[in-house]
2 protein chains.
Amino acid sequence: MDEAGQGDRAEQGAIPIRAARIQDVAKLADVSTATVSRALATPERVSPEARARVLEAIAKTGYVPNPAARTLRSQKTYMVLVVLPDLANTFFSKILRGIEETLFEAGYGMIISDLDGSPEKEAHFAAFTAAGRVDGAVLLNGHLFGQSREGEGQPARITIPLVALCEAIPGADIPQIEIDNRAAASRMTRHLASLGHRRIAYVSGPANNILERERFQGFKDGLEAAGLPYDPALILPGDYTIEAGVRAGQDLVARSTRPTAVFCTSDEMAIGLMRTLFSAGLRVPEDISVAGFDDIEFAAVAEPSLTTIHQPRRELGQAAASALIDLLQGRSSPKRIRLETELVIRDSVAPL
Amino acid sequence: MDEAGQGDRAEQGAIPIRAARIQDVAKLADVSTATVSRALATPERVSPEARARVLEAIAKTGYVPNPAARTLRSQKTYMVLVVLPDLANTFFSKILRGIEETLFEAGYGMIISDLDGSPEKEAHFAAFTAAGRVDGAVLLNGHLFGQSREGEGQPARITIPLVALCEAIPGADIPQIEIDNRAAASRMTRHLASLGHRRIAYVSGPANNILERERFQGFKDGLEAAGLPYDPALILPGDYTIEAGVRAGQDLVARSTRPTAVFCTSDEMAIGLMRTLFSAGLRVPEDISVAGFDDIEFAAVAEPSLTTIHQPRRELGQAAASALIDLLQGRSSPKRIRLETELVIRDSVAPL
DNA sequence: AAGTTGCATGTAATCGATTACATGAGGTTG
DNA sequence: CAACCTCATGTAATCGATTACATGCAACTT
């Protein structure tokens, strides 16, 4: 409305209304726009004198290239999409940070999509991606876009580089960055068994979740290695949340014969479960040992402190971002990167 | 590498390499590109027949508008930047979710910048913003961009709509969404005093932080209201992290006369502090009461469960996003929105 | 019937960069 | 010395949408 008026008047005034364009820089440096562009993108192809004049003009005008124009022409956005199932989950925040810092160093920005279990959102972000708003994506949600829908017309194929982080995507020919969930779960199970526990309960992740399947396999591996029988009655359903841990705890409290140890496949569940046990007057680890998975920040300061599997979350994020950057810049990347986990022994698990 | 080869061959094959453009849709629907554009942006200005043909053509081609082209012309990105001091901090994740869901509903995407205390990053994102990559920003970091630097050339003024969330920005003429930190801190202090505590310690946030200043004022208000003296020896430095709580706990443990209650200005610090007290053989709340602030997820399941101030984090995020969207769409927004907090009484605080 | 209004639509300018191609200067080679 | 190459630079096409302006037609007014 009145902006136009201001714009007209501003010519003689102090406040430049429009941001400087490449043309303004070119004029000031007395070169063509092509030279300005080259001075920034490929400085070695511009004479030192011209480059100096261009840089000076840029400093003087405060020129910042218009990303939309750049993207339109070059088809590069310097943006990466990070798809995650639940932004509010503590587990992801440090991973995100690892991703963000690595992307940032390479000049990429990060767009976050919290799917929140909504297929609409997933479709939206699939379209978003197909529209070319990002150069690549990190998938933390365990599956590719739009694998569900099939219909008339092309389903907007996504052809940009992708990497899968944490939750491997079976059959997808993209780099997978993860830990060895099966080995880690087996390790924890054997640790519990080695302390004399013979009735070990297992609080699971969501059914069909790939992490869950691997950890569950690891749990069974561990039982077998320790010569313990597998008892379906000791498998409690969960979904990695605090509330699931609380519910699993209620289940246990209500039982007449209880396990002596519980392996929760997330720290959140372990903390929720311990809470319920305390409320029922049970002690950890005296009455029942509790183990977690992930080693989130609160694991070390829980009461009692939590024996768990340490996941290098920041490094996972960094590795995923690096792999993606490799792809984006035309380099190749290993198809599978597995980072080491660590069994962290604290106070929530004790010998029988 | 071999992608190019595939591209060449694909011409006669099944896979369309290029995404459909508005021209393709226009041709198929037998209308001009202008009509296609209008059919999407202002459907009421297009005849029902033309609209139907356009929609059909869009469905057939899988057309998605190119955001770069759209942004270049219309100067709208439909992107919002969220600036936060620390992505790995649990406190922010639920706020982010509130922001994200509200933005999403309004058709905006969210770009996250984790400043991580780095001035470089701040400068980068200031440039990012100045370059017009986002339509607006939510600032959770307590200050505006680039208030520090002054130099030759225009410092790339940022003129897009901004809102401040949680940490108010004094003097900035932008909507501020927050809680009444002072009143909440006062409330908690009076609660502790009402239970008979007379030596109440206070674990602070970072010096100069606006939240800290307000909460500290509230603490003093509360002391005064309860007729208690202010004792500088009972003020412990902190920065809202678990580690700061641990350190404050070590300080307390080492003292000969200890306070009977500790008011930590974040739940993280309260949890870290309790951890240290336990390790030293002290009991909460029998030996010492501990109160927190924020009511993060873990507050309810900590052992003992944490008496704290509940902040409506999701609603804060939603309110900030709504305010920003109002501004982005040319509506006005209240300059100050204060959401209600709640004193949540749990087990970590007991009468003297 | 002439003039006015409003609607649906098309034409083409425009946003601001990148980059293919052209040009001319200076250097090298046979 | 002609032919050729290299290098720095400029010219202008291009990316794919939005939108100002123009146009043509139908309906309404007087």
Side-chain angles (χ1 to χ4, degrees), chain A residues 1 3-4 7 16-55 57-58 61-79 127-128 130-133 135, chain B residues 16-55 57-58 61-79 127-128 130-133 135:
Chain A
M1 299 295 136
E3 274 187 358
I17 290 296
R18 301 175 67 93
R21 294 158 306 163
I22 197 170
Q23 282 200 27
D24 306 323
V25 175
K27 197 166 293 175
L28 196 60
D30 196 28
V31 295
S32 71
T33 61
T35 299
V36 175
S37 182
R38 283 189 285 252
L40 290 170
T42 52
E44 73 280 3
R45 297 186 37 73
V46 170
S47 71
E49 303 78 45
R51 197 188 317 157
R53 286 208 312 280
V54 167
L55 292 180
I58 286 174
T61 55
Y63 168 73
V64 181
N66 181 311
R70 183 198 292 249
T71 296
L72 178 58
R73 178 67 227 244
S74 67
Q75 309 289 2
K76 288 192 187 308
T77 63
Y78 288 96
M79 278 287 155
F128 188 94
R133 292 183 85 134
D135 293 343
Chain B
I17 288 297
R18 301 175 66 92
R21 294 157 309 162
I22 198 169
Q23 280 200 28
D24 306 323
V25 174
K27 198 166 291 177
L28 195 60
D30 197 28
V31 295
S32 71
T33 60
T35 298
V36 175
S37 181
R38 284 189 285 251
L40 291 169
T42 52
E44 73 280 3
R45 296 185 40 72
V46 169
S47 70
E49 304 79 44
R51 199 188 315 157
R53 287 209 310 281
V54 167
L55 293 180
I58 287 175
T61 54
Y63 169 72
V64 182
N66 180 310
R70 183 198 290 251
T71 296
L72 178 58
R73 177 65 226 243
S74 67
Q75 309 290 359
K76 287 191 188 309
T77 62
Y78 288 97
M79 279 287 158
F128 188 94
R133 292 182 86 134
D135 293 344

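For the numbers below, each heavy atom of this structure counts, side chains included, while hydrogens, waters and symmetry mates do not. Because the structure is a prediction, the values reported are computed rather than measured. Chain identifiers are assigned alphabetically (A, B, ...) following the order of the sequence lines, protein sequences preceding nucleic acid strands; residue numbering begins at 1 within each chain.
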Name every donor-acceptor pair, under 3.5 Å, that has one atom in a side chain of residues 22-30 of chain B and the other anywhere in the protein, sequence neighbours excluded.
residue: B/D24; atom: OD1; partner: B/R21; partner atom: NH2; Å: 3.2
residue: B/D24; atom: OD2; partner: B/R21; partner atom: N; Å: 2.7

ask   = Roughly how far, to the nearest 0.5 Å, is CD of A/Q75 from CG of B/N66?
value = 6.5 Å
key: Partner residues of A/T77 under the side chain to side chain donor-acceptor pair (under 3.5 Å) criterion, sequence neighbours left out   = A/D135
Just how far, in rounded Å, is [atom2] of [N] from [atom1] of [X]?
X     : N      : atom1 : atom2 : value
A/K27 : D/dT9  : NZ    : P     : 19 Å
A/L40 : C/dG16 : CG    : P     : 17 Å
A/N66 : D/dG16 : CG    : P     : 16 Å
B/R70 : C/dG16 : CZ    : C1'   : 18 Å
A/Y78 : C/dA17 : OH    : P     : 15 Å
A/R21 : C/dC15 : CZ    : P     : 7 Å
B/K76 : C/dG16 : NZ    : P     : 15 Å

request  = Only pairs at least two apart or in different chains count here, so list each side chain to side chain donor-acceptor pair (under 3.5 Å) that has a residue in residues 35-45 of chain A.
outcome  = A/S32-A/T35
Beyond-backbone contact of A/V31 with A/V46, side-chain heavy atoms, under 4.5 angstrom = no
Letter per nucleotide, 5' to 3', of nucleotides 5-11 of chain C [B base touched, S only sugar-phosphate touched, - untouched; heavy atoms, 4.0 Å] = ---SBBB
note = On a heavy-atom basis, the closest approach of B/L72 and A/A68 is N-CB, 3.7 Å
task = Could you tell me which non-hydrogen atom of A/A131 sits nearest to which non-hydrogen atom of B/P67, and how far apart they are?
result = O-CD, 3.1 Å
query = Over its full length, what angle do the end axes of the helix from C/dA1-D/dT30 to C/dG30-D/dC1 make, each axis taken from five pairs and the result rounded to 10 degrees?
reply = 40°
query = When you check the phosphate oxygens OP1 and OP2 of C/dT14, does a side-chain N or O of B/R73 lie under 4.0 Å from one of them?
reply = no
inquiry  = Strictly below 4.0 Å: does B/Y63 bring a side-chain N or O up to OP1 or OP2 of D/dA17?
reply    = yes
query = The side chain of A/L72 lies closest to which of these nucleotides: C/dT19, D/dA17, D/dC15?
reply = D/dC15
request  = Name all pairs fulfilling the salt bridge (charged side-chain N to carboxylate O under 4.0 Å, His left out) condition that reach into residues 64-77 of chain B, sequence neighbours left out, sorted by first residue then second.
outcome  = none
query = Can you check whether A/F128's main-chain N or O pairs, donor with acceptor, with A/R133's side chain at less than 3.5 Å?
reply = no
